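Computed from a predicted structure; not experimentally measured. Throughout, a chain's letter reflects where its sequence line sits, starting with A, and its residues are numbered from 1.
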Protein chains: 2
Amino acid sequence: MNVNGLRAAVKKGYLDWLAASPADVVCLQEVRAVEEQLPADVWRPAGWHAAYAPAAVKGRAGVALLTRREPDAVRVGFGAEEFLGSGRYLEADLPGLTVASLYLPSGEVGTERQAEKERFMAAFLPYLVRLRERAAAAGREVLVCGDWNIAHREADLRNWRANRGNAGFLPEERAWLGRVLDPAEGGYTDVVRALHPDQEGPYSWWSYRGRAFDNDTGWRIDLLCGTPGLAGQAVKAYVERAASHAERWSDHAPVTAVFDR
Amino acid sequence: MNVNGLRAAVKKGYLDWLAASPADVVCLQEVRAVEEQLPADVWRPAGWHAAYAPAAVKGRAGVALLTRREPDAVRVGFGAEEFLGSGRYLEADLPGLTVASLYLPSGEVGTERQAEKERFMAAFLPYLVRLRERAAAAGREVLVCGDWNIAHREADLRNWRANRGNAGFLPEERAWLGRVLDPAEGGYTDVVRALHPDQEGPYSWWSYRGRAFDNDTGWRIDLLCGTPGLAGQAVKAYVERAASHAERWSDHAPVTAVFDR
DNA sequence: CATTCAATG
DNA sequence: CATTTAATG
């Protein structure tokens, strides 16, 4: 769940959502804060173990993992030196599962930020493969949750034609995500899409501009990518699109999956 | 009247205040906007002629003059090249009167901004003398209105002891303002103080921090400095301290004088 | 269009 | 502590 600033999200209802959540694991992106900036009951909510990977630059990025049981291990970053302090990747080992919170750079065509996104993608795919192999050797499934900032296919955003040249739906980005999901390469499964193969969306992000949310002009860029063994256990997956504009506490909505294990 | 951002002031009631104002001339400081950023009825209110001197840097400073009758001439700046595009000085000729809107730099001890304030003061005092002489030769009185960012005497701020080392109440700043008001040098009269010689304040600025406004912990730094002929015609002078915090639309309050001419 | 930040005040 | 901008999204 990309909270678009945890401090702002708290003011608008994040804690109510969390209190009502039945989840065992919650992955946050765009926390955009450090511990000193938030009350303890936000940073370490009662009933949860919390791990954070803040960005070195104040007010930027930042990912977190909230788990009901204490992880056996927590690791920040995925090996690429450039992104170690960028607040974009955090993983934790739980019994039989490695779960990760990912915030892939959003990019902007023709800028250095797009080049950064591409460097991230280039380094991250081989890591995903190693992660899967390592986890398999340890008897663990893997679930990488977060804001991938890429819509894979035309069904994953409302206006795919108008967005063909835009960051998030570039051919090279879509191809890269295809490799992540290719059984012969990345080997991950898009859990929500696997359960809803023929649906438009469900979208998980809507621009704040115009009437994007009201018109459901959104993108499905928040993905839960799991190893096939885990993905096969998914029995339900859904996006918590807020019923009203007043209830929105981020420009993203929570994406949830339920596993029967 | 320092509006602390005309766009913010509009949202909080500036236009209501202006509509109710009986003034012939209104001097604004810290407009912090250019024409394109505001609706026409704010930038050029019905019934007023408006002249602006915006700062070259976006969102900074900016002074304005609203006059019920059209000025015979409008001039931006006071001759100092450094401050020409700084949005800090604007004057207009009306029949028998030159009126100016001034926003003197606020300064901060030990910083370049304090050095800038001092350069402004050094260049501005001789200008004030020339202005008075030129106006006298043309049969005009002078009134320089605005945020001088200096409290002249102990009665001009609530906590003068605690502020002895702070910008706005430094000995050299107070001495400089004394020279502006010295009959033998600047030759200007502090119109409000002349009518209220024995009063604490009246303050015209209160910090947004703490309870400064509620406790009237303010500063009298917004001055109307006039040539003696004009100052002698002042029959009333007052600060419109808002009755409640909700009515405040700036951290300053309007300072008004009524002249019988 | 919303969230941060830094600079200014 | 409020207003702006800039960068980011």
Side-chain angles (χ1 to χ4, degrees), chain A residues 2-12 14 29-34 37-38 54-62 86-88 103-109 111-114 116-117 147 149 166-168 205-214 217 219 221-222 245 248-252, chain B residues 2-12 14 29-34 37-38 54-62 86-88 103-109 111-114 116-117 147 149 166-168 205-214 217 219 221-222 245 248-252:
Chain A
N2 181 318
V3 297
N4 191 25
L6 188 50
R7 281 169 287 180
V10 163
K11 291 180 195 159
K12 298 193 278 183
Y14 157 77
Q29 297 86 41
E30 280 208 87
V31 169
R32 300 174 74 174
V34 289
Q37 296 172 317
L38 279 163
V57 181
K58 269 177 81 171
R60 298 274 172 79
S86 69
R88 295 187 177 274
Y103 177 42
L104 202 141
S106 81
E108 190 181 353
V109 170
T111 71
E112 163 56 26
R113 291 174 48 236
Q114 187 65 24
E116 182 188 327
K117 182 176 188 175
D147 181 354
N149 266 315
N166 291 340
W205 174 81
W206 304 263
S207 168
Y208 278 122
R209 306 186 202 193
R211 305 206 161 282
F213 182 76
D214 296 338
T217 304
W219 296 50
I221 56 179
D222 299 281
H245 202 283
R248 285 181 87 192
W249 44 272
S250 168
D251 49 349
H252 294 249
Chain B
N2 181 318
V3 297
N4 191 25
L6 188 52
R7 282 168 288 180
V10 163
K11 291 180 194 160
K12 297 194 277 184
Y14 157 78
Q29 297 85 41
E30 280 209 85
V31 169
R32 301 175 71 173
V34 290
Q37 296 172 318
L38 280 164
V57 180
K58 269 176 81 171
R60 299 273 172 80
S86 69
R88 294 188 178 273
Y103 176 41
L104 203 141
S106 81
E108 189 181 353
V109 170
T111 70
E112 163 57 27
R113 291 173 49 237
Q114 186 66 24
E116 183 187 326
K117 183 176 188 176
D147 181 355
N149 266 316
N166 291 340
W205 175 80
W206 304 263
S207 169
Y208 277 123
R209 303 184 202 196
R211 306 206 160 282
F213 182 76
D214 296 338
T217 304
W219 295 50
I221 56 179
D222 300 282
H245 203 283
R248 287 180 84 193
W249 43 273
S250 168
D251 48 349
H252 294 248

- Query: dT4(C), dT4(D), dA7(D): which one has an atom nearest the side-chain heavy atoms of Arg32(B)?
  - Reply: dT4(D)
- Message: Looking only at the side chain of Tyr208(B) (C-beta and beyond, no hydrogens), which of the listed nucleotides dG9(D), dA2(D), dG9(C) gets closest?
- Response: dA2(D)
- Message: Can you identify which nucleotide, out of dT4(D), dC1(D), dT4(C), has its nearest atom closest to the Arg7(A) side chain?
- Response: dT4(C)
- The residue, Arg209(B) or Lys58(A), whose nearest nucleotide of DNA chain C is more 5′ is Lys58(A)
- To the nearest angstrom, the CD-C1' distance between Glu112(B) and dA7(C) comes to 14 Å
- Please state how far atom CD in Glu108(A) lies from atom C1' in dA6(D), giving the value in whole angstrom units. 13 Å
- With a 3.5 angstrom cut-off on both distances, give the Watson-Crick or G-U wobble partner of dT8(C), or none if there isn't one. dA2(D)
- Determine: side-chain N/O of Gln29(A) to OP1/OP2 of dT3(C), distance under 4.0 Å, yes or no. no
- Against the side chain of Ala8(B), the closest entry in dT3(D), dT4(C), dG9(C) is dT3(D)
- Starting at CG of Asn149(B) and ending at P of dT8(C), how long is that distance when rounded to a whole Å? 14 Å
- Within the side chain of Arg88(B), is there an N or O that forms a donor-acceptor pair under 3.5 Å with the backbone of Gln29(B)? no
- Message: What's Glu30(A) touching, base or sugar-phosphate or nothing? Going by heavy atoms closer than 4.0 Å.
- Response: sugar-phosphate
- Task: Mark yes or no for whether Arg113(A), through its side chain, and Glu108(A), through its backbone, hold a donor-acceptor pair below 3.5 Å.
- Result: no
- Item | Intermediate values then yes/no, side chain to side chain donor-acceptor pair (under 3.5 Å), Trp205(A) and Asp222(A) | CA-CA 8 Å; Trp205(A) 174 81; Asp222(A) 299 281; over 6 Å; no
- Message: Side chain of Tyr103(A), heavy atoms from C-beta onward: which of dC5(C), dG9(D), dC1(D) has the nearest atom to it?
- Response: dG9(D)
- Query: So, Ser250(B) side chain and Asn2(B) main chain: donor-acceptor pair closer than 3.5 Å or not?
  - Reply: yes
- Message: Students often get this wrong, so: under 4.0 angstrom with heavy atoms, is Asp251(B) touching a base, only sugar-phosphate, or nothing?
- Response: nothing
- Nearest-angstrom distance from the residue atom CG of Asp147(A) to P of dT8(D): 16 Å
- Task: Output yes when at least one side-chain N/O atom of Gln37(A) is less than 4.0 Å from OP1 or OP2 of dT3(C), else no.
- Result: no
- Query: Roughly, in whole Å, what's the span from CG in Leu104(A) to C1' in dT8(D)?
  - Reply: 15 Å
- Look at the side-chain N and O atoms of Arg88(A) and state whether any lies under 4.0 Å from the OP1 or OP2 oxygen of dG9(D). yes
- Task: For side chain to side chain contact (heavy atoms under 4.5 Å, CB included), just list the numbers for Lys58(A) and Gln37(A), CA-CA rounded to whole Å, side-chain angles, deciding distance to a tenth of an Å, and then say yes or no.
- Result: CA-CA 11 Å; Lys58(A) 269 177 81 171; Gln37(A) 296 172 317; 4.1 Å; yes
- Task: Please check the phosphate of dG9(D) (OP1 and OP2 only) for any side-chain N or O of Arg113(A) closer than 4.0 Å.
- Result: yes
- Please state how far atom CG in Asn2(A) lies from atom P in dT3(C), giving the value in whole angstrom units. 12 Å
- Query: So, is Arg60(A) near the phosphate of dC5(C), with a side-chain N or O under 4.0 Å from OP1 or OP2?
  - Reply: no
- Message: What is the separation between atom CG on Leu6(B) and atom P on dT5(D), rounded to the nearest whole Å?
- Response: 12 Å
- Message: When you measure from the side chain of Arg32(A) to the backbone of Gly59(A), do you find a donor-acceptor pair of N or O atoms at a distance under 3.5 Å?
- Response: yes
- For Asn166(B) and dG9(C), what is the distance between atoms CG and C1' respectively, to the nearest whole Å? 13 Å
- Under 4.0 angstrom between Lys12(B) side-chain N/O and dT3(D) OP1 or OP2: yes
- For dC1(C), does OP1 or OP2 lie under 4.0 Å from any side-chain N or O of Arg248(A)? no
